[in-house]
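There's a structure below that I have some questions on.
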Amino acid sequence: MTKTSKIHDIRNIGIIAHIDAGKTTVTERVLYYTGRTHKLGEVHDGEAVMDWMADEQERGITITSAVTTCPWKGKDIHIIDTPGHVDFTIEVERSLRVLDGAVGVFCAVGGVEPQSETVWRQADKYHVPKLAFVNKMDRIGADFFNTVEMMKTRLKANPLVIYLPYGVEDSFTGIIDLIRMKAVIWDDDTLGATFRDVELTEEEALNASEHRNRLIETLAEVDDGIMEAYLAEATIPVETLVAAIRKATIDLKLVPVLCGSALRNKGIQPLLDAIVAYLPSPADLPPIQGTNPNTGEIVVCPPADNKPLAALIFKVFMMEGRKLSFVRVYSGHLENGQEVYNPFRKKKEKLSRILQMHANKRDRLDVAGAGSIVGVVGLKDSSTGETLCSADKPVVLENIDIYEPVISVAVEPKTHSDLDRVQEVLAKFVDEDPTLRTHLDDETGQMILSGMGELHLEIIISRMRREFNTEVNVGKPQVVYRESIEKEAEGTAVFDKEVAGQRHFGEVRLRLTPLPRGTGNRFESKVAETVIPKIFVAAVEKGVMESLESGTVMGYPVMDVAATLVGGNYRESQGSELAFKVSAAMACKEALNAGGGFLLDPFMKVEVFVPEEFMGEVIGDLNSRSGKIEAIEPKVGVQEIRAIVPLAKMFGYSTDLRSSTQGRGTFSMHFSHFDRA
């Protein structure tokens with residue numbers, strides 16, 4: 001490939017869709033017809049180029065976003081094939097953050113499915129122009145117009161049909177191009193590589209011109225030039241139509257709709273033409289803005305090779321044990337061996353290699369210009385969502401939203417000697433995937449691994465075994481509670497013992513008082529220095545605070561308690577820090593027992609996105625889990641329900657929500673506070 005493509009000749013696009021709509025099959029066909037591969041890989045045979053991980057091939061699903069580049073009619077198309085499963089939402093989010101356009105793939109039978117709604121909303125959030133490709137037109141039950149209708153109702157999109165199916169189900173042989181008013185038919189014996197234009201019959205032409213008029217009417221609503229020509233009943237040239245569709249697509253006013261059958265090799269070349277014709281190059285979009293980390297001023301990063309560097313790391317991946325960072329260059333350019341600056345870490349890093357990615361294969365590059373999406377080796381400290389720039393012109397680009405994990409499992413090594421290895425491997429995965437968290441549970445000593453769903457954690461455990469030969473036992477996690485007291489209580493204790501030939505004496509009287517939730521623990525002394533000298537008060541405080549680390553109900557930490565030292569006694573030569581620390585701890589335990597201890601549950605802030613028709617059922621379910629509904633807000637096409645629910649009642653919620661909303665509901669949750677359930 002040349003040094004850098006001209007910026008107007010680059011298309012950075014993502015393929016987004018619900019699981020099983022055919023995203024990866026579409027991508028495989030694109031690679032074949034653009035000459036990037038010489039064999040058609042099939043997902044169901046586990047031979048798709050883009051699904052290269054063993055877990056992807058086994059399960060027939062996409063887990064990690066794969067990046068590839070292919071040429072088409074003088075343009076370079078950078079494609080990211082994203083996962084469709086809700087557990088890997090972050091992969092889609094990270095990809096959309098750095099893309100200029102997206103192709104939404106829909107199944108002609110299933111129409112707009114639940115995860116399509118989620119990924120479409122994510123694309124809307126980042127203002128990404130989109131095309132829609134209605135796939136599987138050859139399947140029994142395929143209904144093109146039903147899918148277009150669902151795009152209006154479920155996605156609140158404004159679809160513009162530019163291709164009609166030519167035949168349907170078994171008789172689907174090609175498409176009708178409404179802009180050129182020609183049918184395009186594919187030859188089955190050349191794996192779809194050859195196709196030909198066919199004139200429409202009188203009846204077909206009549207039906208097609210009806211749809212073409214509808215296309216022009218829709219365009220006229222958003223384009224004044226087309227509106228004038230339409231009212232004057234003038235003939236509109238093909239070039240004018242194409243330019244108007246391109247502008248309306250980039251301005252997010254319309255979504256061109258195409259159709260085909262990727263598995264039967266039909267409709268892919270026109271899709272490539274549409275990507276080139278209607279989706280923007282990096283130069284067609286407003287330049288990205290960042291902030292100067294030193295002054296807080298807005299910095300505009302224009303898409304040009306000769307401007308200061310601004311690049312975003314949108315993904316980190318461990319490939320063969322080495323850290324590979326995926327980078328989108330917005331402004332300026334990257335060179336081999338170049339020193340770059342990371343303003344977030346305040347560190348300089350050196351690029352050892354720049355790679356043009358093709359799934360898990362790669363070609364070396366010397367330079368990557370503005371608009372490129374490349375792999376970079378050599379970044380030691382930088383991670384997902386961080387910016388690379390030049391030290392003399394620092395800029396921080398907006399970070400990528402990270403979702404809070406919603407489910408945890410306990411992991412422990414099969415043998416004690418593997419402990420360090422397990423921690424090291426998990427640290428690599430956390431580096432790679434921001435939705436993954438690990439922490440050591442102080443109470444049980446277990447390593448807790450948290451993620452976005454059961455499948456997400458299953459894949460991580462599977463990859464630990466496969467890629468790093470690390471065997472682990474996986475258990476069910478425990479909810480970690482807290483404790484507090486109901487009423488004020490006092491405790492007194494005396495320590496009077498001989499230790500190592502010396503007498504130690506200390507007497508402490510403590511009062512514990514419950515505090516409002518979220519206040520934390522406090523200690524104060526109300527005794528005169530003649531009763532307990534000041535030097536021993538610090539030992540009393542230490543004894544009390546250590547004692548509050550495990551309560552008397554079930555041994556969980558005690559919170560929201562004020563401890564007051566109200567009395568005690570000491571003997572001149574026998575007073576010691578040890579004596580006062582131990583007697584304070586004993587007095588504290590006595591007061592806790594007398595104070596009516598109880599458990600505090602961790603409560604979670606839960607946000608559920610659900611279509612209107614399932615609202616009642618979802619609210620009823622949250623109420624049955626002792627949830628408290630705080631707000632209900634209408635969003636585009638969905639309702640957002642915000643609630644506070646005890647964590648103990650949230651296990652298995654993702655499965656229940658999916659089944660009660662036909663898979664269309666999604667939710668996120670994060671810790672809110674501890675309270676009495």
Check whether E335 reaches the backbone of L351 with its side chain - one donor and one acceptor, N or O, closer than 3.5 Å.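 Checking the backbone N and O of L351 against the side chain of E335, no donor-acceptor pair under 3.5 Å is found.
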Trace of the side chain to side chain contact (heavy atoms under 4.5 Å, CB included) decision for K253 with N158: CA-CA 7 Å; K253 289 177 180 167; N158 191 1; 5.8 Å; no
If I take atom CG from residue L155 and atom NZ from residue K130, how far apart are they, to the nearest 0.5 angstrom? 9.0 Å
Any donor-acceptor pair under 3.5 Å from T387 side chain to L397 backbone: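 Confirmed, T387 side chain pairs with L397 backbone.
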Nearest-0.5 Å distance, CG of residue L272 to NZ of residue K73: 8.5 Å
Could you please spell out the steps behind the side chain to side chain contact (heavy atoms under 4.5 Å, CB included) verdict for F133 and I15? CA-CA 10 Å; F133 181 75; I15 310 272; over 6 Å; no
Working for side chain to side chain contact (heavy atoms under 4.5 Å, CB included), residues V161 and F144: CA-CA 10 Å; V161 175; F144 176 72; 3.8 Å; yes
For the pair S331 (side chain) and P302 (backbone), establish whether a donor and an acceptor sit closer than 3.5 Å, ignoring hydrogens and angles. yes
Evaluate the criterion side chain to side chain contact (heavy atoms under 4.5 Å, CB included) for residue pair F145 and L164; output intermediate values, then yes/no. CA-CA 9 Å; F145 292 106; L164 292 178; 3.6 Å; yes
Any chance you could measure Y33, atom OH, to N265, atom CG, to the nearest 0.5 Å? 3.5 Å
I245 and L254, any side-chain heavy atoms less than 4.5 Å apart: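 Sidechains of I245 and L254: no contact.
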Side-chain contact test, heavy atoms from C-beta onward, threshold under 4.5 Å: evaluate it for D138 versus K266 and give yes or no. no
Non-hydrogen side-chain atoms of S281 and R11 separated by less than 4.5 Å: yes
Checking R328 against Y330: charged group under 6.0 Å from the ring centre and within 45 degrees of the axis?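 Verdict for Y330: a cation-pi partner in R328.
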I'd like to know if K347 and D381 make a salt bridge, using a cut-off of under 4.0 Å between side-chain N and carboxylate O. yes
Of the non-hydrogen atoms in P282 and D100, which two are nearest, and what is the gap between them?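 Nearest heavy atoms, P282 then D100: CG-OD2, 3.4 Å.
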Is the shortest side-chain N to carboxylate O distance from D124 to K156 below 4.0 Å? no
Keeping the roles fixed (side chain from T34, backbone from W72), state whether a donor-acceptor pair exists under 3.5 Å. no
How long is the straight-line distance from CD1 of I313 back to OG of S325, given to the nearest 0.5 Å?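 So the OG of S325 and the CD1 of I313 are separated by 5.0 Å.
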Taking C-beta and beyond as the side chain, do L324 and L355 meet within less than 4.5 Å on heavy atoms?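 Sidechains of L355 and L324: in contact.
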Nearest non-hydrogen partners of L263 and R29, listed with the distance: O-NH2, 3.5 Å
If I compare all heavy atoms of L388 with all of L309, which pair ends up nearest, and what's the gap?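 Closest approach of L388 to L309: O-CG, 3.9 Å.
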Note, Y126 side chain near L99 side chain (heavy atom, < 4.5 Å): no
Minimum side-chain heavy-atom gap P343-C389 below 4.5 Å: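 The answer is yes, as the side chains (C-beta and beyond) meet within the 4.5 Å cut-off.
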Taking every non-hydrogen atom, the tightest pair across C259 and P165: SG-N, 3.5 Å
Looking at every non-hydrogen atom in both residues, tell me the closest pair between I7 and A283 and how far apart they are.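 The pair with the smallest heavy-atom distance is CG2-CB, 3.9 Å.
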Any sub-3.5 Å donor-acceptor pair from N336's side-chain atoms to L365's backbone N or O? yes
Minimum-distance pair of heavy atoms, taken over all atoms of I175 and P270: CD1-CG, 3.7 Å
Are Y278 and V242 side-chain neighbours, meaning at least one heavy-atom pair lies under 4.5 Å?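 In contact.
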Which of these passes side-chain contact (heavy atoms from CB on, under 4.5 Å) with Y341: K348, K393, E349? K348
Taking the six-membered ring of F172 (Phe, Tyr or Trp), confirm whether the NZ or CZ of R264 is under 6.0 Å from its centre and within 45° of its axis.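 Not satisfied by the 6.0 Å and 45° rule.
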Parallel, tilted or perpendicular: which one describes the rings of F106 and W120, with boundaries at 30° and 60°?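 The arrangement is tilted - the two ring planes meet at 30° to 60°.
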Drop me the distance from I10's CD1 to D76's CG, to the nearest 0.5 angstrom.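 Interatomic distance, I10 CD1 to D76 CG, rounded to 0.5 Å: 6.5 Å.
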Looking at I179, L178, L241, which one forms a side-chain contact (heavy atoms from CB on, under 4.5 Å) with I162?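 Testing each of I179, L178, L241 against I162, the sole residue satisfying side-chain contact (heavy atoms from CB on, under 4.5 Å) is I179.
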Could you check if a side-chain atom of V299 sits within less than 4.5 angstrom of a side-chain atom of V396, using non-hydrogen atoms only?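 No - every pair of side-chain heavy atoms lies 4.5 Å or more apart.
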Under the 3.5 angstrom rule, does the side chain of T295 hit a backbone N or O of E297 as a donor-acceptor pair?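 Side chain of T295 to backbone of E297, a donor-acceptor pair under 3.5 Å: yes, one is there.
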Do R246 and D284 sit within salt-bridge range, that is, some charged N less than 4.0 Å from a carboxylate O? yes
Take a 6.0 Å sphere around NZ of K75 and say whether it holds more than 12 heavy atoms from other residues, nucleotides or ligands. yes
Checking the side chain of D223 only, and the main-chain atoms of G225 only, is there a donor and an acceptor separated by less than 3.5 Å? yes
Return the OG1 to CG distance between T25 and N135, rounded to the nearest 0.5 Å. 7.0 Å
